[in-house]
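Only heavy atoms go into these numbers, but all of them, side chains included; no hydrogens, no water, no symmetry mates.
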Amino acid sequence: MSLQLGWINDQDKIEISEDFIGVLDKLLQLAAEAEGLTEGEVTLTFVDDDEIHQLNREYRNVDRPTDVLSFSMQEETDEELEIIYEVENENEQIPFEGMLGDIIISAERAKLQSDEYGHSLERELGFLFVHGFLHLIGYDHQDEASEAVMTEKQEAALRQVGLTR
């Protein structure tokens, strides 16, 4: 089985083609394979700067737009409820493990950054998507060493689909 990618285009400023979603799905499969993941679900939503600004303020207390946000369903905190469901024909309850989480990308911010960095919009969106995926599965970049690990993993996946600088 492979990872499933669901996506929503909740903005109208930047065109996102079905063909490019196929590239993102391939990136997801490659990045997951590199991490030993064989199944799960990821939801990707494209928004504009106003929407991601609101989400960044609400969930991170940062009052500005950002390029990508990741909301992992695999992290548990004391404040969160554990998601469980009934298994058909059994009295056993098990945790919901299929959903890895949500990635939200500002397509508007990605376009600005691709222009600034001098590469394609597709490369920037691919980078942000893999970056968000790595956050979903527990990677972070709080110091130089962890940032270097994430960068290498992102670039390796992007090279495999031809999204280089």
Side-chain angles (χ1 to χ4, degrees), residues 3-17 20-32 34-35 37 40-83 95-117 119-158 161 163:
L3 266 74
Q4 302 298 308
L5 173 63
W7 72 284
I8 302 164
N9 188 7
D10 199 19
Q11 57 86 45
D12 58 7
K13 296 178 181 175
I14 307 296
E15 184 178 344
I16 309 292
S17 73
F20 184 65
I21 296 301
V23 172
L24 294 178
D25 186 50
K26 178 70 173 171
L27 272 172
L28 176 62
Q29 304 311 315
L30 292 167
E35 297 300 316
L37 292 172
E41 295 180 40
V42 173
T43 301
L44 171 62
T45 305
F46 295 102
V47 298
D48 61 22
D49 270 1
D50 290 339
E51 179 70 19
I52 210 159
H53 184 166
Q54 179 182 337
L55 293 168
N56 205 23
R57 183 176 49 239
E58 183 176 340
Y59 291 100
R60 296 182 60 227
N61 293 318
V62 177
D63 194 15
R64 63 178 169 76
T66 189
D67 49 11
V68 61
L69 292 170
S70 297
F71 297 97
S72 177
M73 294 293 285
Q74 301 300 307
E75 296 176 356
E76 289 186 32
T77 64
D78 292 337
E79 297 85 36
E80 291 184 73
L81 295 175
E82 181 179 11
I83 300 172
F96 179 72
E97 296 176 353
M99 184 59 156
L100 295 176
D102 299 311
I103 300 169
I104 301 170
I105 295 175
S106 170
E108 188 177 2
R109 178 111 344 234
K111 174 64 175 135
L112 290 171
Q113 289 176 180
S114 69
D115 291 345
E116 180 182 324
Y117 299 142
H119 55 240
S120 71
L121 173 60
E122 290 80 10
R123 197 263 188 233
E124 187 66 18
L125 289 170
F127 173 86
L128 294 173
F129 179 62
V130 175
H131 185 87
F133 171 72
L134 290 173
H135 277 304
L136 288 183
I137 62 172
Y139 285 92
D140 212 338
H141 47 83
Q142 298 296 1
D143 56 49
E144 286 183 30
S146 58
E147 183 172 4
V149 168
M150 278 188 79
T151 299
E152 177 51 36
K153 289 178 178 293
Q154 292 159 168
E155 294 300 327
L158 292 166
V161 297
L163 290 177

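No more than 12 heavy atoms of other residues, nucleotides or ligands shown are found within 6.0 angstrom of CD on Glu15. For Phe20, the CZ atom counts as densely surrounded, since its 6.0 Å shell holds more than 12 non-hydrogen atoms of other residues, nucleotides or ligands.
With sequence neighbours excluded, the residues that form a ring pair (Phe, Tyr, Trp, His ring centres under 6.0 Å) with Tyr117 are His119. Listed by chain and residue number, His53, Arg57 satisfy the side chain to side chain contact (heavy atoms under 4.5 Å, CB included) test with Asp63 (two or more places apart in sequence, or in another chain). Residues that satisfy the salt bridge (Lys or Arg N to Asp or Glu O under 4.0 Å) test with Asp115, not counting sequence neighbours, are Lys111. The side chain to side chain contact (heavy atoms under 4.5 Å, CB included) search around Asp10 returns Ile8, Thr45, Val47, not counting sequence neighbours. His131 is linked by a ring pair (Phe, Tyr, Trp, His ring centres under 6.0 Å) to Phe127, His135, His141, counting only residues two or more places apart in sequence or in another chain. Legend: residues meeting side chain to side chain contact (heavy atoms under 4.5 Å, CB included) with Asp67, ordered by chain and number and at least two apart, are Arg109, Gln113, Leu128. Scanning for side chain to side chain contact (heavy atoms under 4.5 Å, CB included) contacts around Gln11 gives Asn9, Lys13, Ile14, Ile16, Phe46, Asp48, Ala107, with sequence neighbours left out.
Every pair passing salt bridge (charged side-chain N to carboxylate O under 4.0 Å, His left out) that includes a residue from residues 126-152 is listed here, sequence neighbours excluded: Glu152-Arg159.
Residues Phe129 and Leu28 meet the side-chain proximity criterion, which asks for heavy atoms closer than 4.5 Å. Side-chain contact between Leu3 and Phe133 is present, with heavy atoms from C-beta onward closer than 4.5 Å. At a threshold of 4.5 Å between non-hydrogen side-chain atoms, the residues Leu27 and Leu163 count as touching. A 4.5 Å side-chain heavy-atom check between Leu134 and Lys153 finds at least one atom pair inside the cut-off. At a threshold of 4.5 Å between non-hydrogen side-chain atoms, the residues Thr151 and Glu155 count as touching. No side-chain heavy atom of Asp50 sits under 4.5 Å from any side-chain heavy atom of Glu108.
For the residue pair Asp25 / Gln29, a side-chain donor-acceptor distance below 3.5 Å is found, with atom types taken as modelled.
Atom CG of residue Leu136 and atom CG of residue Asp102 lie 7.5 Å apart, to the nearest 0.5 angstrom.
Counting all heavy atoms, side chain and backbone alike, Ser114 lies closest to Ser120 at CB-O, 3.6 Å. Of all heavy-atom pairs between Ile105 and Leu125, the closest is CG2-CD2, 3.8 Å.
Checking each of Val161, Val42, Val130, Leu5 against Leu24 for a side-chain contact (heavy atoms from CB on, under 4.5 Å) leaves exactly one that passes, namely Leu5.
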